[in-house]
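Take a look at the structure below.
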Amino acid sequence: MNKLIVLVLVFLLLCVVTKESLVGEELDIRISQGQAVAFDRSAGNCLSCHAISGGELPGEIGPPLVEMKLRYPDRAVLRSQVWDAADRNPDTIMPPYGRHNILTEEELDLGVDFIHSL
């Protein structure tokens, strides 16, 4: 009976470790897809205004996108900023990516996942 309990516990532990690994892999894929959205000149086009590590020909209009988890500990606030920056700053020149349907909801989420990872 004790061996059966140990085997069940080991099995459950392996399931948890595998699940966490898949979540990490899935997040890595989303971040990679989000980088593609952010760097795409016909989609997010973040590089037209922001310096981002790994990006070529960055603009200098907006702040460099670094330490984003420190600047935006709450991912929802960052998403709101990308959705429509005018909510926080009426004088912004940042396009309202969500409000004007420049990006789809999925593209917006992917881009935010990438930016939040910086």
Side-chain angles (χ1 to χ4, degrees):
M1 183 70 169
N2 286 340
K3 287 183 182 181
L4 179 61
I5 292 173
V6 170
L7 285 174
V8 169
L9 290 174
V10 168
F11 175 75
L12 291 173
L13 180 61
L14 288 173
C15 288
V16 169
V17 170
T18 303
K19 183 178 179 186
E20 288 174 358
S21 298
L22 289 176
V23 170
E25 288 175 19
E26 289 172 6
L27 183 58
D28 289 345
I29 291 169
R30 287 189 62 80
I31 288 171
S32 177
Q33 292 171 335
Q35 180 181 24
V37 170
F39 286 5
D40 186 338
R41 299 285 180 184
S42 64
N45 199 19
C46 299
L47 289 169
S48 66
C49 297
H50 300 279
I52 302 172
S53 179
E56 296 178 9
L57 303 172
E60 297 178 352
I61 296 169
L65 300 183
V66 296
E67 301 294 336
M68 296 307 289
K69 284 184 184 174
L70 290 176
R71 291 169 58 187
Y72 292 91
D74 183 352
R75 182 190 174 282
V77 175
L78 176 60
R79 189 183 193 286
S80 169
Q81 177 73 9
V82 177
W83 173 263
D84 185 3
D87 284 346
R88 293 180 66 196
N89 177 5
D91 297 324
T92 188
I93 60 170
M94 184 169 167
Y97 286 98
R99 185 169 52 95
H100 284 181
N101 297 314
I102 297 168
L103 297 176
T104 66
E105 291 291 323
E106 178 65 13
E107 289 171 329
L108 189 79
D109 284 329
L110 290 169
V112 169
D113 286 343
F114 166 65
I115 291 168
H116 199 242
S117 75
L118 300 174

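Any value given below was found using the heavy atoms of this structure, including those in side chains, with hydrogens, waters and symmetry copies removed. For clarity, every value in this text was computed on a predicted model and none was experimentally measured. We number each residue from 1, following the sequence as shown.
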Task: OH-CG distance between Y97 and L108, expressed to the nearest 0.5 angstrom - done: 10.0 Å

Task: Cluster overlap L110 with I115, hydrophobic side-chain contacts below 4.5 Å - done: no

Open item on the list: Any heavy-atom pair between the side chains of W83 and V112 that's under 4.5 Å?
Closed with: no

Open item on the list: Within the 4.5 Å heavy-atom criterion, are R41 and L47 side-chain neighbours or not?
Closed with: yes

Task: Which residues share a side chain to side chain donor-acceptor pair (under 3.5 Å) with E105, sequence neighbours left out - done: R79

- [ ] Please tell me if the side chains of H50 and P64 come closer than 4.5 Å, counting only heavy atoms from C-beta onward.
- [x] no

Task: Rounded distance (nearest 0.5 Å) linking atom CG of D109 with atom NE2 of H116 - done: 12.5 Å

- [ ] With the side chain counted from C-beta on, respond yes when R75 and M68 share a heavy-atom pair under 4.5 Å apart, and no when they do not.
- [x] no

Open item on the list: Using the side chain to side chain donor-acceptor pair (under 3.5 Å) criterion, which residues pair with R71? Sequence neighbours excluded.
Closed with: none

TODO: Can you sort out the partners of D40 under salt bridge (charged side-chain N to carboxylate O under 4.0 Å, His left out), two or more places apart, ordered by chain and number?
DONE: none

- [ ] State yes or no: do L27 and Y72 share one hydrophobic cluster built from I, L, V, M, F, W and Y residues joined by side-chain heavy-atom distances below 4.5 Å, directly or via other members?
- [x] yes

Open item on the list: Side chains of R88 and V77, heavy atoms from C-beta outward: is any pair under 4.5 Å?
Closed with: yes

Task: I29 vs Q33 side-chain heavy atoms within contact, under 4.5 Å - done: yes

TODO: For the pair T92 (side chain) and N89 (backbone), establish whether a donor and an acceptor sit closer than 3.5 Å, ignoring hydrogens and angles.
DONE: no

